[in-house]
Protein chains: 2
Amino acid sequence: MLLSKSCVYGLRATLYLASKEKEEFIPIKRMSEKLEISFHFLTKILQQLTADGLLESFKGPNGGVRLTKAPQKIALIDVVLAIDGPKLLTECALGLPGCGLKNPCPLHDKWAVTRDSIRDMLANTSLTDLAEKGKAENLRLTDDGDFEELLRD
Amino acid sequence: MLLSKSCVYGLRATLYLASKEKEEFIPIKRMSEKLEISFHFLTKILQQLTADGLLESFKGPNGGVRLTKAPQKIALIDVVLAIDGPKLLTECALGLPGCGLKNPCPLHDKWAVTRDSIRDMLANTSLTDLAEKGKAENLRLTDDGDFEELLRD
DNA sequence: CTATTTTAAGACAAAAGACTCTTCATTTAA
DNA sequence: TTAAATGAAGAGTCTTTTGTCTTAAAATAG
């Protein structure tokens with residue numbers, strides 16, 4: 001798998017936040033129900049994003065989490081780096097430590113090109129890009145639902 | 001991680017076989033030592049490749065495994081498919097079941113492009129390509145060694 | 001102040017992946 | 001024919017990932 005499940009859940013969650021126009025705090029409980037993700041597990045993942053500065057949280061009634069920046073300014077790669085770390089974009093495809101220009105493996109050059117295309121895709125796609133597309137075409141962020149249902153109160 | 005460790009070991013092993021010019025059976029024990037992979041674990045992985053028809057094996061003294069085809073005709077994707085299966089090249093980046101043209105997720109289109117570039121790289125690179133490059137530039141398939149050492153008896 | 005709502009934190013359990021070990025069947029060489 | 005070398009198969013262990021549960025801390029509403 002390219003991304004860990006935690007990372008995928010983090011992406012779905014930030015995408016959900018980006019698709020809400022209002023900048024209010026959204027309870028994690030509500031998000032977990034809408035996105036069909038275990039509440040406690042999602043909480044743990046969002047804590048990582050909060051620690052990383054991508055989200056801010058607020059405790060108590062009317063509390064929850066929200067994006068710290070405008071979603072246009074958050075790229076998918078920001079979420080991926082916060083949760084899965086940089087290894088996807090730095091590691092050797094053959095798993096050799098220290099593989100790089102200086103001490104490459106036979107696959108290094110070709111993999112570096114492919115890896116860059118992954119990085120570019122993640123870096124050039126903002127949360128807004130996907131949220132807008134999701135709304136416009138009524139796509140889905142869960143196994144069965146659609147955007148319309150997702151955003152309904 | 002893009003590829004499982006089993007898959008990476010399978011690639012290193014087939015690459016090693018491709019770099020031996022003679023078409024003799026190579027004992028797995030020897031390969032495991034050269035490649036610094038646990039013998040029993042490597043055995044299990046190579047059994048998958050044998051079952052898939054990429055390798056053939058021979059028991060008894062002077063036995064071992066060898067490629068069934070010329071290494072020019074084996075692409076990296078053949079090994080990846082035999083061990084990790086097709087999921088890397090078919091799965092949704094957001095983990096949604098049935099994500100495709102008919103019922104896509106918001107990321108589907110962009111991911112499909114990236115995924116194709118991964119597929120193309122794996123499909124257009126043969127074992128010979130990498131073996132030749134490894135020999136010519138004396139690269140490595142292990143943490144510390146180099147090709148010269150790898151091919152020495 | 002008190003009860004309620006919410007995130008924070010960490011212990012714990014289950015599942016999957018990575019790896020080891022033992023036993024067995026096959027083949028060859030002497 | 002017997003011993004040695006080898007792959008085949010599967011049980012078992014360790015680690016990481018994934019997911020659950022409990023308790024604490026913070027904030028608000030009344």
Side-chain angles (χ1 to χ4, degrees), chain A residues 1-13 17 24-68 80 82-85 87-88 91 94-95, chain B residues 1-14 17 24-68 80 82-85 87-88 91 94-95 143:
Chain A
M1 212 180 337
L2 189 79
L3 304 173
S4 72
K5 279 199 128 182
S6 294
C7 189
V8 166
Y9 291 161
L11 284 170
R12 290 193 210 166
L17 290 173
E24 55 188 352
F25 286 100
I26 310 288
I28 299 177
K29 183 78 181 172
R30 176 166 185 70
M31 296 177 64
S32 74
E33 286 162 0
K34 283 289 191 182
L35 296 170
E36 297 172 5
I37 302 172
S38 146
F39 166 68
H40 289 104
F41 194 37
L42 183 59
T43 295
K44 189 177 294 185
I45 294 164
L46 296 188
Q47 277 174 25
Q48 287 183 260
L49 296 179
T50 302
D52 196 75
L54 234 55
L55 301 182
E56 57 189 339
S57 67
F58 203 81
K59 292 178 181 175
N62 305 320
V65 296
R66 70 179 175 197
L67 300 171
T68 53
V80 172
I83 296 177
D84 278 351
K87 64 178 192 297
L88 173 66
E91 257 186 355
L94 292 182
Chain B
M1 212 180 336
L2 187 79
L3 304 173
S4 71
K5 283 201 127 183
S6 295
C7 189
V8 166
Y9 291 162
L11 284 171
R12 291 194 208 166
T14 48
L17 291 173
E24 56 188 353
F25 287 102
I26 310 288
I28 299 178
K29 182 78 180 173
R30 176 165 184 70
M31 295 177 63
S32 74
E33 286 162 358
K34 284 290 190 181
L35 295 170
E36 297 172 4
I37 301 171
S38 148
F39 166 68
H40 292 288
F41 194 35
L42 182 59
T43 295
K44 188 175 295 186
I45 294 164
L46 297 188
Q47 277 174 23
Q48 288 184 260
L49 296 180
T50 301
D52 196 75
L54 235 54
L55 301 183
E56 56 189 340
S57 69
F58 203 81
K59 291 178 181 175
N62 304 320
V65 297
R66 70 179 176 195
L67 301 171
T68 53
V80 171
I83 297 178
D84 278 351
K87 63 178 194 296
L88 172 66
E91 258 186 353
L94 292 181
D143 287 5

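By convention in this document, chain letters (A, B, ...) are assigned in the order of the sequence lines, proteins followed by strands, and residues within each chain are numbered from 1. The model shown is predicted, which means the values in this text are computed figures rather than measured ones.
- To the nearest 0.5 Å, the span separating OG on B:Ser32 from CG on B:Leu42 amounts to 6.0 Å.
- Heavy atoms of B:Tyr9 sit under 4.0 angstrom from primed sugar atoms or phosphate atoms, though from no base atom.
- Atoms CE (B:Met31) and C1' (D:dT6) sit 14 Å apart, rounded to a whole Å.
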Check against side-chain contact (heavy atoms from CB on, under 4.5 Å), B:Met31 and B:Leu17: CA-CA 9 Å; B:Met31 295 177 63; B:Leu17 291 173; 4.0 Å; yes

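- B:Ser4 contributes atom OG, which lies 6.5 Å from atom NZ of B:Lys87 (distance to the nearest 0.5 angstrom).
- Close to C:dG17, at under 4.0 Å from its OP1 or OP2, lies no side-chain N or O of B:Ser6.
- The distance between atom CG of A:Leu3 and atom C1' of D:dT17, rounded to the nearest whole Å, is 15 Å.
- Put simply, CD on B:Glu56 is 16 Å from C1' on D:dT6, counting in whole angstrom units.
- Between the CD1 atom of B:Ile28 and the C1' atom of D:dA8 there is a distance of 9 Å, given to the nearest Å.
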Intermediate values then yes/no, side-chain contact (heavy atoms from CB on, under 4.5 Å), B:Leu88 and B:Leu3: CA-CA 8 Å; B:Leu88 172 66; B:Leu3 304 173; 4.1 Å; yes

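- Across the protein-nucleic acid pair, A:Met1 atom CE and D:dT18 atom C1' stand 10 Å apart, rounded to whole Å.
- Using a 4.0 Å cut-off on heavy atoms, the residues of residues 41-54 of chain A that approach DNA chain D are A:Phe41, A:Lys44, listed by number.
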Under 4.0 Å protein heavy-atom contacts per nucleotide of nucleotides 22-30 of chain D, with B for base, S for backbone only and - for none: B---SBBS-

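- Rounding to whole angstrom units, CZ of residue A:Arg66 and C1' of C:dT7 are separated by 15 Å.
- Straight-line distance from the CZ atom of B:Arg30 to the P atom of D:dG7: 13 Å, rounded to whole Å.
- Between A:Asn62 and A:Phe25, every side-chain heavy-atom pair lies at or beyond the 4.5 Å cut-off.
- Remark: the backbone N or O of A:Leu54 is paired with a side-chain donor or acceptor of A:Thr68 at under 3.5 angstrom.
- Look at CD on B:Glu24: it is 16 Å from C1' on D:dA5, rounded to the nearest Å.
- Between B:Ser38 and the phosphate of C:dA18, there is no side-chain N or O to OP1/OP2 separation shorter than 4.0 Å.
- Looking at B:Glu24 and B:Arg66, no side-chain N of the basic residue comes within less than 4.0 Å of a carboxylate O on the acidic one, giving no salt bridge.
- Judged as a ring pair (Phe, Tyr, Trp, His ring centres under 6.0 Å), and not counting sequence neighbours, the contacts of B:Phe41 are B:Tyr9.
- For the pair B:Phe39 and A:Cys7, both in contact range of DNA chain D, the more 5′-proximal nearest nucleotide belongs to B:Phe39.
- Considering only heavy atoms from C-beta on, A:Val8 comes within 4.5 Å of A:Arg12 through its side chain.
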